[in-house]
Every structure is written in structure tokens, then in C-alpha cells.
Asker: 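The structure is given below, and queries will be raised subsequently.
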Amino acid sequence: MKIFDTDAIGEKWLRKLAGHTSRRSMVSRLGLALVAAPAFPLLPVSRAEAAKPDRSPEAKTAFARNAQSSDDTECNYWRYCAIDGALCSCCGGGIHSCPAGSEPSPVSWVGTCINPDNGKAYLIAYRDCCGKPTCNQCFCDNTDRQTQIYTPQLNNDIIWCFGTQSMQYHCSTAVLVGGAE
Amino acid sequence: MKIFDTDAIGEKWLRKLAGHTSRRSMVSRLGLALVAAPAFPLLPVSRAEAAKPDRSPEAKTAFARNAQSSDDTECNYWRYCAIDGALCSCCGGGIHSCPAGSEPSPVSWVGTCINPDNGKAYLIAYRDCCGKPTCNQCFCDNTDRQTQIYTPQLNNDIIWCFGTQSMQYHCSTAVLVGGAE
Amino acid sequence: MKSFSIWQRGMVAALAVGVAAIGFPAQATDPHGLEPEESDIVTIETPKPDWFYVRAGWGIDGTAIYDGRSGKMIGIVNSSQLSDMAIDPAGRFYYVSESIWSKGNRGARQDMVTVYDSKTLKLLTEITIPDRILVDERKQNFILSDDGKWGYVYSFSPASAVNVVDLTKRKFVQAIELPGCAALIPNPGVGFSALCSDGTMATVAAPTGKAEITHSAPFFAASDDPIFENFAYDPAKNMAVFLTYTGLVYTAKMGAAPTISQPYSLQEAAGYAPATTKPLSVGWYPGSRQPTAYHAASGELFILMHMGEYWSHKAFGDEIWVLDVASRKVVRRIALKEPAAHIEVSQGADPLIFLNDEKSAGLILDAKTGEEKHRIEMAGAGVISAAPGL
Amino acid sequence: MKSFSIWQRGMVAALAVGVAAIGFPAQATDPHGLEPEESDIVTIETPKPDWFYVRAGWGIDGTAIYDGRSGKMIGIVNSSQLSDMAIDPAGRFYYVSESIWSKGNRGARQDMVTVYDSKTLKLLTEITIPDRILVDERKQNFILSDDGKWGYVYSFSPASAVNVVDLTKRKFVQAIELPGCAALIPNPGVGFSALCSDGTMATVAAPTGKAEITHSAPFFAASDDPIFENFAYDPAKNMAVFLTYTGLVYTAKMGAAPTISQPYSLQEAAGYAPATTKPLSVGWYPGSRQPTAYHAASGELFILMHMGEYWSHKAFGDEIWVLDVASRKVVRRIALKEPAAHIEVSQGADPLIFLNDEKSAGLILDAKTGEEKHRIEMAGAGVISAAPGL
């Protein structure tokens, strides 16, 4: 159960990122907000529920059971367990790189995906690259633990282009934030 | 040859429309401009050429040979011999009617089409309806006597939305201007 | 060259002088006649019970109106990308909540509720608002009060708020912060409600004034078994109908303190075991972009269902299950030839179902028999609305 | 709820204060690594000889850059609907001639040439111009002088004119009325030329100054056998290559008074009888949206051909005919599996052909052998340009 305890993840990363200083302090602050996202809101109901889903690696989702770790231009690349949109890796960018002329949104939705190589769970920030027309390559829509807008940080439909010069959606990256163990 | 002598058509309609008065005078002026369009430019070369195409009803184009006169929501309806775009008849409008909220451009490109019922040629004004998103119904692209932009009044690719509040292309009508005999 | 030049100068002069004064009088000319015609502009009826409104889809402007009986297009309501549309309950106006930049994908952002006359589809005015969420495929981000006097526009900046618009005076009233909540629910006589990430329902009373926010007790698992947005609301019963990813059905009697029912399983209502959130457990699940449609007069909920495992909640529907919400029974199942992404049902006495997929293929079915009535190519790939039960 | 609210307020505050100051330093992290990463932004090379530029198509923004060798996307140049792109001959900039309304399909019209840095694809500036034509699928409506100092933007309002833009000073210079002519042709050292509806070629000398217009003698039948726009220009030979609907090939040596060759028949060059304008005469005709592509170094013209009757000039191509323009021989014919709407050829030593259709399927062929090199789904459905032979 612990692996996917998003509250615990959030607290850990809050502390970790709060420790950052230097020139990346603003990134840290935003990163903190970002990573704080999955930590809140507290979920009294789901936590209390007996029926809380079993998210242990032993009972992986259909996506996780079929994921691969060699080709980040395919929808079943392991980090893409909750991505929705065009893969920046197919659009001149990369797994954590925006294509030329586009700009990564400092805030994003997040997913918790299992790396098939080591069976461990990682926190992934799906940062949209913004300011270019939608890239028409490699559209994926994976939905592991993807929820509705009232839990925005887990929703992959929102245009996550905040604080960027243009809010036009271009493509999505899957940035590894850290282990979720 | 006479049937498709666009110069003669133009002169006739010029006179006819110039005779209009009353509240439609502006329509007449624009109509005049519109109908004047196929009359000019004079085509010294083509007229001089021995190889000028035979456009008599006896040698109809492939479109004219297959045209019908019963259904104006089909691309092979006779008036559509040079239309390019969505048929307004499929978009809540009609053969000479713009769908609600859109606006007919007072100027247009033109075609000369043969009515299969009587074998006669008619001058058709393809007036674009403007100011709504492109209607995605009944796309047609017929090209009888359709030329390039240096002869704009016979080109069906240009967005013919001039003098309308919005220049957004919505759909195209095929307004019967008169006989071309 | 000269004559051509004269033609052009003449036309330009005419345009410059008189375009605003041009009238195109309507004529009753036979469209297949051979007499010279003039151009005119169609005027349409106010919303009819068999009409559907279909967004063109991602990246494409426009919301097409179709008459479900004839399968024909009535017209198109202007609507920019990521906009939301709401229909005046009295049928006089279409309201489009939209965000437009002054230079396409750049420049100054302009958020507004744009007002269109329902008969002419002409733009009447724009009501400036401070912000709104940018997301596609949702119907709960822009709702109206039952009397049509107020509009509520959901905003996410990324702070969560609701913009209140006075549709009578056509002006913005105020923004109400609504942290952790979204998916607006009509709540006549009170204000509006919303679903929250802590599993509660928030109710905003007096949203045009003091805007007091209260919360229900938590009743659903927002992260583990979320309630689908695009849920149903029954105006006659003043009741919302919710469905979760696993197929739990909740009803909520709206009011100052909404009363939320104990849930029951949709799958059990069809004779199956209830679905679970566990991996490796295959069953029928609800899903797609717009998974439910509700016919108020009969109390029937139409649900797009597919076979799969949990977290497949965006998968398109292979069957429509028809749930009698009150009797808790799935009374019909309609198998689909092609998987559907959106479902809507008309509110008249002989209801029609409108389905589409992401390739824009539209399908109209008889809601009672499932019989195919019309197929519309390029109907639109986005969210579908039905005319209100006028 | 409280903590959620605090999160949001914190994030909003952070955004308000510091967004402009954010740097995302590039990292050489293995994309498949398991260490925490930061976001960065790619910088690309200046135009390479194997690069193609493909407009997304009708109603869709953007011009995608593909590396023809790898078949991979390099990036996207911003380009709004009905825009035209030109590439700085020195490879430093992409220029987009475009028309944008302040409220999407309404509001104030803004015509401009937008300048993008070719390495960062960032917008550098906008050069306001008075007007331009609204039409899709054309390459001759926006051309640059050979030294890259001047841009010529065709305008149709519906009066015909050319807007001259100083690309060094980044400002509009003047509009030159050009009645009855369109389809701009480079004319180094002179200005530019254009094709006219009276069958002549117009030449505009000193377009940045006095702009003197002269006309050639009539040489083609503009209404009866028009020359296709999207024709070819050979910078080394300073020669334009024209093709008419029936397949007549003209070459024009550009200059103050261009010298236009006697035409010959493309079909005859392939061993057939010349094609005619007569109905009921079936043969091979050139056609499609962008029917020709020219490889300057070899002097080969690649033409999309289909079987049909006259006035079928928009029909997609079923074969590519490769014409050696100088020797007047069709030297190769390449049969296509799927009809193509646009053709372009790269200018390097081992040229590649890029084809697409209206469903956006892109195909890259070896221009010498016709061998299929890459297939790109959703490559773009619009006009294709090749990088200049740098």
C-alpha cells in the first residue's frame, strides 16, 4: 500500500524540495507546488475505505503489465501511464524536453508509474509544452489513476499551460520527479 | 462557341443589371461588378488560338455529362460544376441561402454550368457564406473551367468573403445569375 | 489589362461605399428554378426537443445543431476551441463561454461569455469575465440557473473558482473561490453545487451575493473511484444522478443541504457482480468522454459500457446500458456496431440517442428500440448536448 | 480542504512572482534514466538540405519540419490558417505571412509577416502589412528576394497588389498595384515577376522604389489552358519552369525582359500524343494541389499525373513523371500506391521526394529510384516546401 500513498510522497518531496536553494529556487518553489499537488487534498474517505484499490506491483494495472522501457516514442513506454496528448519525443523534443520554440509549463498533472525494469514506482510530472500548434504525432491517452477535474493534479484533460507565454497546447513530456517508494 | 463566350455574357448582364433601380441598387452595383467579372479580362491569346476548347453542349465536360438536377445536396448537382467547399444546402442553408448567422459575400467566383434538363448553359455565382466556422458537410471540389489566382473570378480556392463582417469561410452557395446563351 | 483594372476599381469602390447597406431579401424561389436568384440568409427556430448540439472537437471551431428526426444540420453556433455552450432555458439565446487570444495562439487573453440570438445565430454581445478553465469535453464547466438569469463559469488558474455572470444585465458579477471543487451542479433556489476532491459535495448558496459555501459529508472516493463529470441532472425532480468509474450510482436531491443516496452497483442492476477497482478483474465498466445521458421524463440513464479492467474509464462504449434509476434495473442493452465516445439523449416523448466517435461519425438511434435512424458523416467529434425539455 | 487551498494560493503566488525568471537548464540526463530530471527546451539546427516543411492543412495551424533522411519531426513553425511561409536564403529566419483576427473569427484584422528565429523557433517580431490574399495551398503568394532582404506578399482585396516588406529593417515599404496578375516569380536584380490573366508575364522592376511594371507579349491561355501556380524556379539558371493544365512546359529566363521559350508537350516527352482541352479525350494529365517539384541541380521536374479528361486539374496524382526539362524527355515514371495531393523534392545531392494526401499521410521516396524511405502518419495535409539548396 505504501508505494502509492500519494500523501506520503507529497510530504517527502515537499521536504526534499524545500531544501533546494540557489538559482533554481524558483523552480523549487514551483516544483514544490507541483509535487505538493498529489499530496493534497487529503482523502479521508478513500483512506477510510475498505475498498481502497490494491496498487502494489504484484497487482499491476493493465498498462503496467504491458509497459516497456526502451522506446519513449510509443504510448506504452512505462512513464506514460497517465499521459494524454502528443508525445514530445515524437515532435522534436524528448522525454523531458520541449520542442524548439515551445515552453514547459512549470505546473502539471502527475502520475505514478511502475518501471518494468525494477518493478519500482516513480512519480512522473506530465509537463505540457506550450506555445505551438498541437503536434499531430504519437497521440496517447493512458489513464492509470487518472481522475476528474475536481482533483486537477490527477486529471490529464486540462490544458496545463500556466505561467507560459502562450497557453496553446503543443505536446506533453513525462519528467521523472523521483522514486515513489 | 457562343454559349460559353463569357465576354458576351458579361456585356449582356452588364446592360441588364445596369437597368436595375430601387432599393436593390447596391445589389445591382455589386452584382454588376460580380457579373462583370467573367467578362474581363479580355483574352486575346485564347481567342486567337485555334485550340480554344470546344465547350458546346455536344461536347460536355465529364462533370456535365454526369450532372443531375434533382438533389442540391450532392456534389454532382448541375450548378456545382465549379464549386469548391461545403455545400450550404447541407449546412442549414440552401442553394442561394446562407445558414443562419452567416453572411453572403457580395462578390464571388463564377462558373458556367449546363442544366441537364434543357441542355442550356447558365451563369452561376458561387457566393461564399461567411462568419461561421467551416461547415464539415458535403465537401465538393468541381473544376469545370476553374483557373488560377491570376484569373481570380474563375478561381474557387480563394476565400471569397469580401465586405462581410467576418472573413471566416462557412460554406458555398450556387446562385443562378442568368442564362448564358 | 485596362478593363480588368477598371472592374476591380469599380468593385472596390462599390464595396467601400455600400456594403453595410446591402440587404439580401429572402425569396421563395424554387431552389431548382432557372430564374435569376438573389442571396438570402436563413432564420431558424428556437431550440426544439429533438435538436442536438455537437461540438466539432479538439482544435476545430463550431457547434453544429442537428435535427434528430431528419438527421439534417440546422446551423452552427460559433464556438471557439475549448469553449463551452449553454442554452437559455427559454430558448432565446445560446451562450458560449470562451477564451480567445488577440493573435491566435499569442497576444492578449480575452475570456468572455458570448451571447447569440437563437433564431438568427447572430452575435448579440460579449460579457467579459476574468478567467475560465481551459479543457475540452465538459458540460459542467458552464451552467445556467434554472430561470436563465445567471451563468456560472468554472475557472482554474490554477486556483479553483466560479465566475458568476448576470445574464439579464449581461455583466460579470463576482468570482467565488471554490478550492478543491469542480463539476458544477444546478441547485435551483439555492445557487449551485459542485463535487470536491475530498469526496464531499460543496453547495454555494446566494452565489450572486454573499456566496456561502457548505460541504456535505464525504460520500465518494474522489481519487480511487471518481464520479464521472458530464453527469445528469433532472430538473423536474431537482435531482442529480452520478456514476463512478466502477459503476456506483448515486442520486442527490439538491437543496440548501443536498441529500445524497446510498449508492448501488450498475453492474448488479444488470445481474452481474459489482465491478471493482482491483487489477486483473475483467468486467463491464462505464467509460468514454461523455459516458452518460439521462432522459428526465422516463428516469432512464443511458450509459456507454465496455469490457475491461479498472482505470479504463476513457475507453469507448461498445454497448449502451439503459438504467431505470428509480427501480435500479438495467432495462435494456443496446449493442453498438462501432465504439462510441459521447452519448446524449433528447428530452422529448420519443427520445433519440445521439452518439459520435473521435472520427466525427454521428449516429442517431431510437432510444427505446435502439434502431438506427440516421448516420451523419463528419457530424462532430466533441461533446453533445440536447435541447432542454422546453 | 484547507491544505489544498494553501497549495493553490502558494502556487498562484509563486507564478505571479517568478514565472518570467524561470530557467529550465538543459541537462544531459539519459532520457531513460531514473534520476530526477528537469525540463528543458530543444534548440534545432538551421535549415538542412534534407528538410521538408509541411503545412498542417485546411483549418489547422502549424508547419511541421521533417528530416527527410530520418523521417522524424524536427519541430513546428507557428503558422496560422491560410498563412504562407518563406525561408530566409541564409537560413537564419522563418517568415510567416499571416492574417489574424483579434477575436478568432471576428474583431480587428491584423496582417503581418511574423519572423521566427530558425534555431529557437521563437517569435522575434511582427512586421505589420496592410493586407494579403486569403487562400490556401500556394507558394507563390509570399516570396523573398534572392538576397533575403525583401519580402513580396501578394494581396487581393479584391484588388490585386503586392506588399513589399524590408526584411532587414523589418518594416513595410509599399504596396504595388498589380491588376490582373498573381503568382509571384523571383527575378533577382530586377524585382519580381508575375503571371497575368491576359496571358502575359508582368515584371516589376525596382519594387522597393519606383516599381515600374512591364508586360511580356501574351504567351499562354490563362482561362483555357492555365499555368499551374506552385511552379518551379531554378536560382542557378535564373529560370522559371511552368506547366499548364494540358501539360505544356514553358521555361522563362528571368530578367528585366524575361525570355519565354516556346512550349513543348509533357505527354509527347513521354511518347504519347499531346493532351488536349477537348472533352471526351482521355489521357494522362498533370494535376493536384501542388503538382510539380523541381530539383535544380539535375534539372528534373517531378510531376503528379493522373488519367482523366481535361478540367480534372485538381485530381490527385497516381504517378510521378520525371521530366528532364532541358532534354525534353520523361526519364522516369514512378507509380504511387496512394494518390498524392502535393509533391516536393529536396535540393541536396541525393534528392528525396515528399508526398502527402488530404488525410495527412506523408510519404518519403528516393527521388532517383522511387523507393519508399519513410511513411509518416499525420504528417500534414497542406502544401510542402523544401529547404533551399544552402
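Chain identifiers are assigned alphabetically (A, B, ...) following the order of the sequence lines, protein sequences preceding nucleic acid strands; residue numbering begins at 1 within each chain.
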Asker: What closest approach, in Å, do D:I76 and A:H170 show between heavy atoms, and which atom pair accounts for it?
Answerer: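 Minimum heavy-atom contact is CD1-CE1, 3.6 Å.
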Asker: Between A:N118 and D:L34, is there a side-chain heavy-atom distance shorter than 4.5 Å?
Answerer: yes
Asker: Given heavy-atom pairs under 4.5 angstrom as the criterion, report whether the side chain, backbone, both or neither of D:A379 touches chain A.
Answerer: backbone
Asker: Non-hydrogen atoms of chain D under 4.5 Å away: do they reach the side chain of A:Q165, the backbone, both or neither?
Answerer: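 For A:Q165, neither part sits under 4.5 Å from chain D.
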Asker: Are D:L121 and A:K132 packed together at the side-chain level, in the sense that at least one heavy-atom pair is separated by less than 4.5 angstrom?
Answerer: yes
Asker: Without swapping roles, check the side chain of D:E377 against the backbone of A:Q137 for a donor-acceptor pair under 3.5 Å.
Answerer: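 No: the side chain of D:E377 does not pair with the backbone of A:Q137.
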Asker: From A:T73 OG1 over to D:M73 CE, what is the distance, rounded to the nearest 0.5 angstrom?
Answerer: 12.5 Å
Asker: Do any of residues 83-90 of chain A come closer than 4.5 Å to chain D, heavy atom to heavy atom, and if so which ones, in number order?
Answerer: A:C90
Asker: Please flag which part of D:I65 lies under 4.5 Å from any non-hydrogen atom of chain A: side chain, backbone, both or neither.
Answerer: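 It is neither, since no heavy atom gets under 4.5 Å.
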Asker: Please flag which part of A:D117 lies under 4.5 Å from any non-hydrogen atom of chain D: side chain, backbone, both or neither.
Answerer: neither
Asker: Answer yes or no: is there a donor N or O on one side and an acceptor on the other, between the side chain of A:H96 and the main chain of D:S39, under 3.5 Å?
Answerer: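 The answer is no, because no donor-acceptor pair under 3.5 Å joins these two groups.
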Asker: Measure the shortest side-chain to side-chain distance between D:E37 and A:V177 over non-hydrogen atoms and say whether it is less than 4.5 angstrom.
Answerer: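 The answer is no; the side chains never approach within 4.5 Å.
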Asker: Which atom names give the shortest non-hydrogen contact between D:V42 and A:S97, and what distance separates them?
Answerer: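 Reported closest heavy-atom pair: CG2-CB, 3.9 Å.
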Asker: Below 4.5 Å, heavy-atom pairs only: which of A:C91, A:P99, A:C135, A:S102 has the largest tally toward chain D?
Answerer: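 Heavy-atom pairs under 4.5 Å are most numerous for A:C91.
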